[in-house]
Amino acid sequence: MLIPNRIFILRVAASGRQNLPHSHSPARWHLGHNTHFLERLERLSSRHIDAAFMLYRDPVFVRKVLNSAKIPDNAERVALSLDDPVLGPFVVVARNGNFVTCLGVGMSTKQLPIVTRGQLDAVLAKLDRQRERMAVYQQQSQRFGSATKLWERVMRAGHRLSREEFVAAAALAPFLAEQLWPQVVEDYLALLETLDKVSKGARYKSLLKPGDNDKRMMLLIWNKIWMMGHVVAMLTQDGEAPEWVERFCRDEPVGANLVNFAVPFGMSGPLTRFSWVAGRLGKGLLKPSKLLYAGATHLHEHAAGLLALIAVGSRNPKLRGEVSKVIQRESPLSKRVKEMFAPEWYAAIRSLYGRLLTTTPGDAAFGLIWLKVMLHSRDTTLRRRYAEPTEIPDDIARATAANMHCSVLTKRGANLHYVAAAVSACAKEPVEMLYHEQEWLRQDPDPWTPQMMMTYLVEPFREFWVPHVPAKTANVIGRNDPCPCGSEKKYKKCCGTG
């Protein structure tokens, strides 16, 4: 059979893989496997040829697709859909990624497992993102001199890790995943042990006037907790988690909420990153988060469940309604918190959580606007640069919110709604958007001080980890008073409208 000129010229010549002819007659060229591919290519329309050719030329990419799609172990061949998942057309490949045949539209795949076009595109997008990260890594490696020094920066930078440094290190994370996941768990257990030692015997009181050893200990804890947030975000940046995480979610759903890793330390920055991870993993963490929130009996569980649910609902529109229903139901802890604060304040916070998860255009913009107003009132750098909250660029607002200093374990969780708003605003973004660019950090001096760590080590122990006397009920908010949600509107025109 003669190969049509259209395919012969465009495909065989481009491939550069044809064998030399035995004569000058094109009809006697022997192209081996290429010939088989080109003959089967005739079954496809012109708009599908490029995709089929790419799959034929790149078995390594095909293997990545098959690994990502989790094909059954006993499947020797797989059909890759180039369009419709049922009608096709398809490229059939072997388990090792090599080409087998093409099936035109309507041709039967029989019992072959099918990989959809969406799954193909998702893997291709991951590879494109990885190439972009490697380009940034090449730039940053010139600055640091080696990958080891770059990684040391991740471990010691704390809240001052830049976007460029994060992206460069994230390029290495997939290759180090087998070593990094156990290290995160080991560091977490060691930090919990340190936390326990600090709390025993009111040890935290000595930190009110820390000595040199106390300062070194606090800096070490600070960097370790932030490092955990950086690394876990890198490891899950493409929506993948190790098999043991999936198994844990299935077998121990209540304890599988990853936000639990950061909550005992109360630090909003690492908490925002762990919450981003929960949103990125999506549906797999929905059940653990629902169970944890619904059964919460103390602030630690309540915060972990709430922030994970906000992240999952904000990033995944199809899950938003289910998440909203769960949050609107009061947990055992919610009922106790309700008694501690003024009814108006409690109602305003519940209203804020609801609006963060709604899909109407007005409410979709509300969360980011509210966040800018809140940040403008708290952050002196933003007030110095921007006269009005609305002038703050969206990416600056998100990165600032993801790195603000406040604890969710103080004042009975009164800061929790600030972190929830940050989580909601950041959940939909690429993880690198949780970091400021190097230029911004150079112009925004925010060095670590012992007081930063005392905010998380001293105040929470006073109010959360150590027995305490319940706080007095806050004053009742009047209709004309400023709304407690921070919108700078009157309560009656904001959260008090309902």
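Note that this is a predicted model, so its numbers are computed, not measured.
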Flag, side chain of [X] to backbone of [Y], donor-acceptor distance under 3.5 Å:
| X | Y | answer |
| --- | --- | --- |
| Tyr293 | Val326 | no |
| Glu186 | Gln183 | no |
| Asn403 | Ala399 | yes |
| Asn98 | Ala94 | no |
| Asp379 | Leu382 | yes |
| Ser268 | Ser407 | no |
| Asp214 | Gly211 | yes |
| Lys372 | Ile392 | yes |
| Arg95 | Ala75 | yes |

Would you compute the distance between atom [atom1] of [X] and atom [atom2] of [Y] and round it to the nearest 0.5 angstrom?
| X | Y | atom1 | atom2 | value |
| --- | --- | --- | --- | --- |
| Arg77 | Ile71 | CZ | CD1 | 15.0 Å |
| Leu357 | Lys325 | CG | NZ | 13.0 Å |
| Lys290 | Leu286 | NZ | CG | 5.0 Å |
| Met227 | Arg153 | CE | CZ | 14.5 Å |
| Phe261 | Leu192 | CZ | CG | 9.5 Å |
| Met107 | Phe90 | CE | CZ | 10.5 Å |

Of the non-hydrogen atoms in [X] and [Y], which two are nearest, and what is the gap between them?
| X | Y | result |
| --- | --- | --- |
| Ala303 | Val408 | CB-CG2, 4.4 Å |
| Leu172 | Ala147 | CD1-CB, 3.9 Å |
| Leu307 | Ser275 | CB-OG, 3.5 Å |
| Gly367 | Leu356 | CA-CD2, 3.9 Å |
| Ala397 | Leu368 | CB-CD1, 4.5 Å |
| Leu371 | Ala422 | CD1-N, 3.8 Å |

Anything under 3.5 Å between a donor and an acceptor, one on a side chain of residues 423-433, the other on a protein residue two or more places apart or in another chain? List them.
residue, atom, partner, partner atom, Å
Ser424, OG, Ser314, OG, 3.1
Lys428, NZ, Ser424, O, 3.3

Chi angles and distances behind the salt bridge (Lys or Arg N to Asp or Glu O under 4.0 Å) call for Arg280, Asp238: CA-CA 8 Å; Arg280 186 67 179 88; Asp238 291 324; 5.1 Å; no

Residues Lys126 and Asp121 bridged, charged N to O under 4.0 Å: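 A salt bridge is absent here (no side-chain N lies under 4.0 Å from a carboxylate O).
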
Under-4.0 Å salt bridge between Arg117 and Asp84: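 Asp84 and Arg117: not salt-bridged.
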
Student check: side-chain heavy atoms of Thr194 and Leu220 closer than 4.5 Å: no

4.5 Å side-chain heavy-atom contact, His302 and His298: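 In short, these two side chains do not touch, never coming nearer than 4.5 Å.
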
How about [atom1] on [X], more than 12 heavy atoms from neighbouring residues, nucleotides or ligands closer than 6.0 Å, or not?
| X | atom1 | result |
| --- | --- | --- |
| Met155 | CE | no |
| Glu178 | CD | no |
| Arg320 | CZ | yes |

Salt bridge (Lys or Arg N to Asp or Glu O under 4.0 Å) assessment of Glu152 paired with Lys149: CA-CA 5 Å; Glu152 288 177 355; Lys149 292 182 178 179; over 6 Å; no

Lys/Arg cation over aromatic Phe99: Arg57, 6.0 Å, 45° cone: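 Not flagged: Arg57 not positioned over aromatic ring of Phe99.
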
Atom pairs and distances, donor-acceptor, side-chain atoms in residues 60-67, under 3.5 Å, two or more places apart:
residue, atom, partner, partner atom, Å
Arg63, NH1, Asn96, O, 2.7
Asn67, ND2, Arg63, O, 3.2

Ring geometry between His159 and His405 (parallel below 30°, tilted from 30 to 60°, perpendicular above 60°): perpendicular

Residue from Arg273, Glu164, Arg163, Arg160 passing side-chain hydrogen bond (donor to acceptor under 3.5 Å, both in side chains) with Tyr435: Arg273

Ring center gap for [X] and [Y] short of 6.0 angstrom:
| X | Y | value |
| --- | --- | --- |
| Tyr456 | Phe265 | no |
| Tyr353 | His417 | no |
| Trp276 | His230 | no |

CA sep, side-chain torsions, deciding dist, call: Asp395, Arg398, salt bridge (Lys or Arg N to Asp or Glu O under 4.0 Å): CA-CA 5 Å; Asp395 62 328; Arg398 292 189 182 98; over 6 Å; no

Flag for [Y]-[X]: side-chain donor and acceptor within less than 3.5 Å:
| X | Y | result |
| --- | --- | --- |
| Gln140 | Gln438 | yes |
| Gln237 | Arg133 | yes |
| His436 | Thr400 | yes |
| Gln142 | Gln138 | no |

Residues which pass salt bridge (Lys or Arg N to Asp or Glu O under 4.0 Å) with Arg143, listed by chain and number, not counting sequence neighbours: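 In terms of salt bridge (Lys or Arg N to Asp or Glu O under 4.0 Å), with neighbours along the sequence ignored, Arg143 is linked to Glu165.
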
